[in-house]
Protein chains: 2
Amino acid sequence: MAAGRSDHSTSGGRVTLKEVARLAGVSRSTTSRVLNDHPSVRPEVRARVQEVMEDVGYVPDGIARSLRRGHTGMLGLLIPQPASTVFGDAYFATLVSAVVDAAQRAGCTVATVLTDDPLAGRPDTTERLAAKLSADGLLDGVVATASVDDDPVPGALLDAGLPVVVIGEPSDASTTSVDVDNLAGGRLAVEHLVELGRARVAVLAGPEGNPSARRRLEGARRAVEAAAVTLVGVEAADHFGVEDGRRAMDRMLAAGTRPDALVAGSDAIAVGAMAALDAHGLRVPDDVAVAGFDDLAPARVSTPPLTTVAQPVASVGRLAVHRLLDLVGTEATGPARDARGSADGRVVPVTGSGVDGHEGRRTVLDVALVVRGSTVPD
Amino acid sequence: MAAGRSDHSTSGGRVTLKEVARLAGVSRSTTSRVLNDHPSVRPEVRARVQEVMEDVGYVPDGIARSLRRGHTGMLGLLIPQPASTVFGDAYFATLVSAVVDAAQRAGCTVATVLTDDPLAGRPDTTERLAAKLSADGLLDGVVATASVDDDPVPGALLDAGLPVVVIGEPSDASTTSVDVDNLAGGRLAVEHLVELGRARVAVLAGPEGNPSARRRLEGARRAVEAAAVTLVGVEAADHFGVEDGRRAMDRMLAAGTRPDALVAGSDAIAVGAMAALDAHGLRVPDDVAVAGFDDLAPARVSTPPLTTVAQPVASVGRLAVHRLLDLVGTEATGPARDARGSADGRVVPVTGSGVDGHEGRRTVLDVALVVRGSTVPD
DNA sequence: GTGAAAGCGCTAACAT
DNA sequence: ATGTTAGCGCTTTCAC
């Protein structure tokens with residue numbers, strides 16, 4: 001790498017390919033060929049052109065290239081949650097990580113977009129965001145996390161012609177989506193608790209209006225009915241965090257509910273609940289057996305370690321990106337499409353575990369129960 | 001919103017302005033004017049064009065617009081840390097939030113880019129990233145957090161002609177940067193402890209190689225010397241997290257060090273240290289007075305609440321964006337920027353701290369000591 | 001008020 | 001192997 005910029009005052013990447021061509025005494029085409037490692041360029045000429053590029057510090061204009069190619073290589077990751085919620089949440093940490101990683105592998109950059117609370121939010125904000133995302137038109141597609149029922153954003157994005165993959169349950173069933181089997185998850189947790197002989201089940205569900213939370217609750221409800229035990233209480237946490245769990249548990253206890261089994265909407269909620277139980281002198285698992293959902297960091301560091309329904313968060317993220325890339329490849333019917341395609345073989349034909357929905361539009365991954373000390377003493 | 005797309009098979013946002021013009025029976029110029037709310041268009045014509053746009057679901061191509069305008073309205077936020085570190089860190093939560101917010105206000109989108117650990121990382125990764133970011137050329141500029149000495153990325157970005165603002169200490173002093181007065185912070189903490197009568201000071205510094213951590217330590221060192229008390233120990237935490245603090249404190253105690261005052265490189269480190277102290281039967285603040293750094297969430301929820309050096313994280317983020325927009329506005333000789341001006345009271349431009357007369361290049365914000373129960377009993 | 005035309009920086013047929 | 005030419009989709013003088 002050249003030690004520093006010499007020659008011209010190259011303020012910014014202002015040198016154009018045309019200029020390089022002129023300086024090297026060749027045509028723009030040839031310069032372009034050199035830039036793209038096209039084989040048919042005489043080594044001698046190639047060298048000269050490259051030297052000029054180095055000399056003037058030429059940097060190709062990405063926007064122009066994108067215009068020609070018809071895509072930018074930039075994907076959006078939409079998380080309709082305020083930063084305060086997203087950070088500190090092991091789920092999002094894992095998800096973002098997986099998405100970014102998968103995209104990177106495919107040569108794409110990810111723009112993570114956090115928006116304000118979708119519930120409290122004026123639809124204004126939300127729609128304006130969608131408009132902006134699409135109007136900017138710099139994203140090849142968007143992975144959107146569904147954190148609230150009937151989120152209008154994915155639809156708006158689709159209307160704008162932007163490929164979208166929803167993580168979770170999309171409002172419109174025809175939207176491509178990747179999800180885990182939340183229903184089964186709620187069921188698994190309850191079945192486990194029932195097998196342990198517990199008969200007074202309570203659920204500390206995730207936030208109201210959150211599709212995943214609702215499904216988990218639903219699954220638990222059905223299992224409770226099927227097992228002919230009693231659902232002694234249901235309380236919705238404000239979010240999926242530890243404090244939300246603690247408060248929800250406090251409310252439940254304050255209401256006089258005394259379960260001997262607890263199903264939580266997330267590991268963090270479970271951890272918070274255990275703290276609240278502890279504060280009330282109730283022992284886990286002796287007095288109350290507790291099951292979480294996620295199997296992320298909080299589950300392992302808690303005391304006692306948490307029995308939980310493990311969901312493959314990283315796989316979900318990775319898969320969502322693959323699905324999105326498929327869509328992008330399909331929709332972009334522009335020219336020069338043939339050259340690329342699935343050249344990198346990273347398009348995993350995910351028939352994976354679980355239900356592979358209609359036309360591969362919806363993919364649902366399996367969850368699995370992990371038993372630890374919060375339900376069964378060591 | 002039109003129920004569905006009629007007419008053409010408009011698969012995606014594939015309708016162009018040209019097509020709209022044809023359908024509306026006007027020229028592309030007029031159509032463009034309608035799109036950009038240019039005044040000189042007859043209301044009647046405007047209405048007709050807009051109707052066509054609605055009908056065919058026209059969405060302007062952002063890439064093409066960007067090409068013309070010379071900028072994309074997309075800023076990068078570079079955090080050379082793995083997701084596992086970034087999430088769960090109140091500092092980054094606050095910073096990202098502030099940056100995204102400030103950018104949004106200026107009509108920009110932020111692409112948050114996380115990269116792997118800069119220390120363990122092969123320089124390869126890092127450089128490739130920088131290359132990618134710039135080669136893509138879709139970003140108008142980048143806010144880069146400096147988490148390691150001599151980070152090559154900002155330089156690489158600058159070489160590629162991309163405006164960069166570093167948060168923290170840039171390797172090259174001529175790089176525009178925004179920082180807080182870490183040196184003073186370290187000093188303030190020690191001075192406070194000394195005033196309380198403590199004489200055996202220990203420092204639980206942030207990660208080795210981190211410029212901010214080093215400065216804080218340096219400040220503490222100087223204050224210790226000035227006060228003629230004893231620096232009984234220094235231990236560097238692996239990161240800025242709670243567990244890192246706990247482990248560092250454990251190491252220090254295991255080494256037989258018994259301070260009566262502790263200065264930590266972050267609130268989280270302080271919290272972890274307090275846990276370790278507690279586990280060793282040492283009381284805070286009676287046996288050991290503890291001071292943190294940041295004044296973020298961990299400081300307030302800890303027991304006892306943490307005395308700490310407050311740094312204006314949100315302001316740093318906001319300011320970095322403003323600085324960046326200034327740079328972008330300067331470099332991109334396009335249409336003038338509007339929303340500007342740093343309305344922060346605490347801007348302390350350090351003139352001449354860098355090289356040649358380039359003024360206002362580096363901005364250092366003040367920190368302030370916040371006294372709570374970890375040093376002074378209620 | 002509206003249109004024709006000239007590009008922004010790059011790439012990809014077609015020639016040669 | 002290299003040059004010529006024609007755009008990608010949009011904006012913007014400059015005429016009328």
Side-chain angles (χ1 to χ4, degrees), chain A residues 12-49 53 56 58-73 134-138 140 161 332-340, chain B residues 10 12-49 53 56 58-73 134-138 140 161 332-335:
Chain A
R14 300 238 37 78
V15 188
T16 73
L17 182 145
K18 185 176 169 185
E19 180 71 357
V20 171
R22 196 181 61 72
L23 291 172
V26 296
S27 76
R28 302 210 299 264
S29 329
T30 301
T31 313
S32 173
R33 289 189 186 103
V34 171
L35 195 60
N36 296 283
D37 292 319
H38 193 99
S40 53
V41 176
R42 231 172 39 218
E44 178 190 317
V45 177
R46 176 183 302 276
R48 180 152 39 94
V49 173
M53 287 180 171
V56 301
Y58 169 69
V59 175
D61 183 318
I63 307 178
R65 293 183 116 178
S66 295
L67 179 58
R68 280 278 353 195
R69 296 178 183 174
H71 64 257
T72 60
S134 57
D136 276 8
L138 296 170
D140 290 340
T333 322
R337 276 241 116 288
D338 42 356
R340 38 184 283 90
Chain B
T10 61
R14 298 238 41 76
V15 187
T16 72
L17 181 144
K18 186 175 168 186
E19 180 71 357
V20 171
R22 195 180 61 72
L23 291 172
V26 296
S27 76
R28 300 206 297 257
S29 327
T30 301
T31 312
S32 175
R33 288 191 186 102
V34 171
L35 196 59
N36 296 283
D37 293 318
H38 193 98
S40 55
V41 175
R42 235 175 33 221
E44 175 190 317
V45 176
R46 176 184 303 276
R48 180 152 40 96
V49 173
M53 287 181 172
V56 301
Y58 170 68
V59 176
D61 183 318
I63 308 177
R65 295 185 114 175
S66 296
L67 178 58
R68 280 283 342 203
R69 298 178 181 170
H71 63 259
T72 60
S134 57
D136 277 6
L138 295 170
D140 289 340
T333 321

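Naming convention: chains lettered A, B, ... in sequence-line order (proteins, then strands); numbering from 1 in each chain.
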Within less than 4.0 Å of OP1 or OP2 of [N], is there a side-chain N or O belonging to [X]?
X	N	answer
B:T30	C:dG3	yes
A:R28	D:dT4	no
A:Y58	C:dG9	no
A:R69	C:dC10	no
A:R42	D:dT2	yes

Applying side chain to side chain contact (heavy atoms under 4.5 Å, CB included), name anything that partners [X], two or more places apart in sequence or on another chain.
X	result
A:R28	A:L17, A:K18, A:A21
B:S29	B:S27, B:R33
A:I63	A:D61, B:I63, B:S66, B:L67, B:T72, B:L138
B:R42	B:E44, B:V45

Mind checking salt bridge (Lys or Arg N to Asp or Glu O under 4.0 Å) for A:R48 and listing every partner two or more places apart, or none if nothing turns up?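 Residues passing salt bridge (Lys or Arg N to Asp or Glu O under 4.0 Å) with A:R48: none at all.
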Check: B:R33 side chain, C:dG3 base, donor-acceptor under 3.5 Å: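 Looking at the base of C:dG3, it does pair with a donor or acceptor on the side chain of B:R33 (distance under 3.5 Å).
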For the side chain of B:S29 and the base of D:dT11, is some donor closer than 3.5 Å to an acceptor across the two?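 Checked by distance alone, the answer is no.
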Hey, which sits more toward the 5' end of DNA chain C by its nearest nucleotide, B:A64 or B:P43?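 Closer to the 5' end of DNA chain C: B:P43.
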For B:V26 and for B:R68, locate the closest nucleotide of DNA chain C by heavy-atom distance; then report the residue assigned to the nucleotide nearer the 5' terminus.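 Per heavy-atom nearest nucleotide, the more 5' residue is B:V26.
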What does the inter-axis angle of the helix from C:dG1-D:dC16 to C:dT16-D:dA1 come out as, five pairs per end, nearest 10 degrees? 40°
Value rounded to 0.5 Å, distance of CE in B:M53 from CG in B:L35: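 Taking CE in B:M53 and CG in B:L35, the distance rounds to 4.5 Å.
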